[in-house]
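The structure appears below as structure tokens.
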Amino acid sequence: MPQHLVWLRTDLRLLDNPALFSAAESGHVTALFLLTPAQWEAHGIAAKKIAFILRSLDTISEQLAERGIETKIILSNRFDDAAHRVLEVAKAIQASRVFWNEEIAINEQRRDDAVANSLSNAGIQVERHHAFTSLPPGSVRKPDASPYSVFTPFKRRWISLSIDRGIHTFPAPKGQGPTVAAAKAPDTVGGIAKTLGSEDWPAGEREALKLLDRFIDSAVNDYDSQRDLPDLAGTSKLSPHLAAGTLSANHCIKAAYVRNGHRLSGGNPNIDTWISELVWREFYNHILAEHPRLAMGRAFKPETDALPWYHSSEQLERWQRGETGFPFVDAGMRQLNATGWMHNRLRMVTAQFLAKHLFLDWRLGEAYFMSQLVDGDFAANNGGWQWSASTGTDAVPYFRIFNPVRQAERFDPQGTFVRRMIPELAEASPKQTLEPWKFGGVGGYPEPMIDLGAARDRTLAIWKQAKAT
Ligand SMILES: Cc1cc2nc3c(=O)[nH]c(=O)nc-3n(C[C@H](O)[C@H](O)[C@H](O)COP(=O)(O)OP(=O)(O)OC[C@H]3O[C@@H](n4cnc5c(N)ncnc54)[C@H](O)[C@@H]3O)c2cc1C
């Protein structure tokens, strides 16, 4: 039987893993994962996300061991080392073919091309699959073959292509023999403990499936009415799993499709909305693949690269610490700092506060989010930031600026979330949680760092001038 090597990356799962499935169909499989702490640091990946990956690695390695498949976990440090490392392992097990599922960003693509070259030069075949999004990047295009840059027509086309193709997932790979010893990820990598965040974020495929089942069985039915209320558990919280690949987007889409009576749109409006959110994830990943410059710090709208952003490390740090004096913004930032996750409504509010009210470069916020998020995903984070800053594809218009007080009135009217996240306001009344400065300050909570109206006017004036030139 031929020996096959499966290089695992953002696909730490048995189900709907085409590379793993295909390899096991035609050969004897060994799995490989490269730990790349220097690269993770260079990409500014959050410690909590790295710890989540390490725990997920333990889980998949156990699952594979039960199927007679050995996992090799090797320290490789940077992407530059990957070609050498993968070739070394492939030769050691006498692999005739190496399988992997593609990653989308430019550095990952370059790394993979280098690995594919070195393997081909050594006479080893490469089989590249696609599993990070439901439909492969480049496959959802306009009739004239150009890429979409607006979400709604993208979604329409995505739905029609998905229906034509059928909503399929790959089963788990077949077993290869008696159980083997399971490898374990090191307890610390690059100074990051594997246990970091383990109470908030149980890792691995089994946990992801439990969460998906629970959500699809009940919570999804209230998604429309609850998904914007940060105080409630109204969303799936599957994002860390989708980002690490312990669950595939395709798997979520299939579960929602089945629950919706085999419909991708219409049917139960709550499920329809949830599917739309998953399509946003598809959209941003496709946009990234079509426009690699986005991974090089460039705005989607090139003209916005010339905006005269302000520079203030003091203001940036107050925003990062959640000490802006605007409770809804600060509650979001403190949720992020404490847990590694932030509710979507607050991601939009905090991002707009940075890029619109403070008029600081959105890239600073993007990098800070990435450095904290357990679900950090380059495409979704970049897309969310550029949407908020009005520099992106299909972004909010520049003159639409969320007022954090009005947002709190709509989405946390009793101040329950603010009280939970901000100890200084734990005893505050609902009105005090909205505008504590009107009560002469509450519980030592900071004064507002800016005048909202003046900041808004200043930003609008800068944008208007930039658009006129
Ligand atoms: C400034 C900003 C930064 C963001 N950074 C990230 C990030 O790094 N990683 C990330 O996964 N999401 C990011 N998002 C999108 C969104 O906030 C999260 O996906 C969502 O909050 C995750 O919670 P959930 O799993 O409970 O989502 P649910 O509401 O249950 O949605 C299900 C899944 O759909 C996807 N999804 C939902 N909303 C979006 C969206 N607007 N864009 C893209 N995908 C979406 C996610 O994979 C999510 O897990 C960002 C949004 C903004 C505005």
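Whatever order the structure lists them in is the order used to number ligands and atoms, beginning at 1. Because only heavy atoms are used, hydrogens play no part in the values below, and waters and symmetry mates are left out as well, while side chains stay in.
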Give the residue, atom name and distance (to 0.1 Å) of the protein heavy atom nearest [atom].
atom: atom 40 (C) of ligand 1; result: W280 CB, 4.0 Å
atom: atom 35 (C) of ligand 1; result: E277 O, 3.7 Å
atom: atom 12 (N) of ligand 1; result: A380 CB, 3.6 Å
atom: atom 8 (O) of ligand 1; result: D377 N, 3.0 Å

key: Spacing of CZ belonging to R110 relative to CZ belonging to F79, to within rounding of 0.5 Å   = 12.0 Å

task = Would you list the pairs meeting salt bridge (Lys or Arg N to Asp or Glu O under 4.0 Å) in which at least one residue belongs to residues 241-264, sequence neighbours left out?
result = none

Please work out which of [options] has its closest non-hydrogen atom nearest to [atom].
atom: atom 29 (O) of ligand 1; options: W387, W274, Y223; value: Y223
atom: atom 16 (C) of ligand 1; options: T273, V349, L278, N344; value: N344
atom: atom 22 (C) of ligand 1; options: G383, S239, P240; value: S239
atom: atom 13 (C) of ligand 1; options: H343, K237, R347; value: R347

request  = Verify the distance criterion only: is there a donor paired with an acceptor across the side chains of N221 and N270 at less than 3.5 Å?
outcome  = no

inquiry  = Less than 3.5 Å apart, any donor N or O on the side chain of S388 or Q352 sitting next to an acceptor on the other?
reply    = no

Considering the heavy atoms of [X], write down every atom of ligand 1 situated less than 4.0 Å from one of them.
X: D375; answer: 7 (C), 8 (O), 9 (N), 10 (C), 11 (O)
X: W341; answer: 22 (C), 23 (O), 26 (O)
X: Y284; answer: 42 (N), 43 (C)
X: L238; answer: 25 (O), 49 (O)
X: G376; answer: 8 (O)

query = Are R227 and ligand 1 in contact, using a heavy-atom cut-off of under 4.0 Å?
reply = no

Residue portion contacting ligand 1 (non-hydrogen atoms closer than 4.0 Å) for N381 = both

key: L242, portion touching ligand 1 at heavy-atom distance under 4.0 Å   = side chain

Check whether any side-chain N or O of [X] sits under 3.5 Å from a backbone N or O of [Y] as a donor-acceptor pair, and report yes or no.
X: D222; Y: S225; answer: no
X: D330; Y: T324; answer: yes
X: Q386; Y: F300; answer: yes

query = Should T235 be counted as touching ligand 1, given the test is an N or O pair under 3.5 Å?
reply = yes

message = Below the 3.5 angstrom mark, is there an N/O of S236, backbone or side chain, next to an N/O of ligand 1?
response = yes

query = Does anything in residues 157-167 pair up under side chain to side chain donor-acceptor pair (under 3.5 Å), and if so which pairs, sequence neighbours excluded?
reply = W158-E282

key: E303 CD: over 12 foreign heavy atoms closer than 6.0 Å   = yes

message = Classify the ring geometry of Y284 against W280: parallel below 30°, tilted from 30° to 60°, perpendicular beyond 60°.
response = tilted

query = Within 45° of the ring axis of W201 and under 6.0 Å from its six-membered ring centre, is that where the NZ or CZ of R55 lies?
reply = no

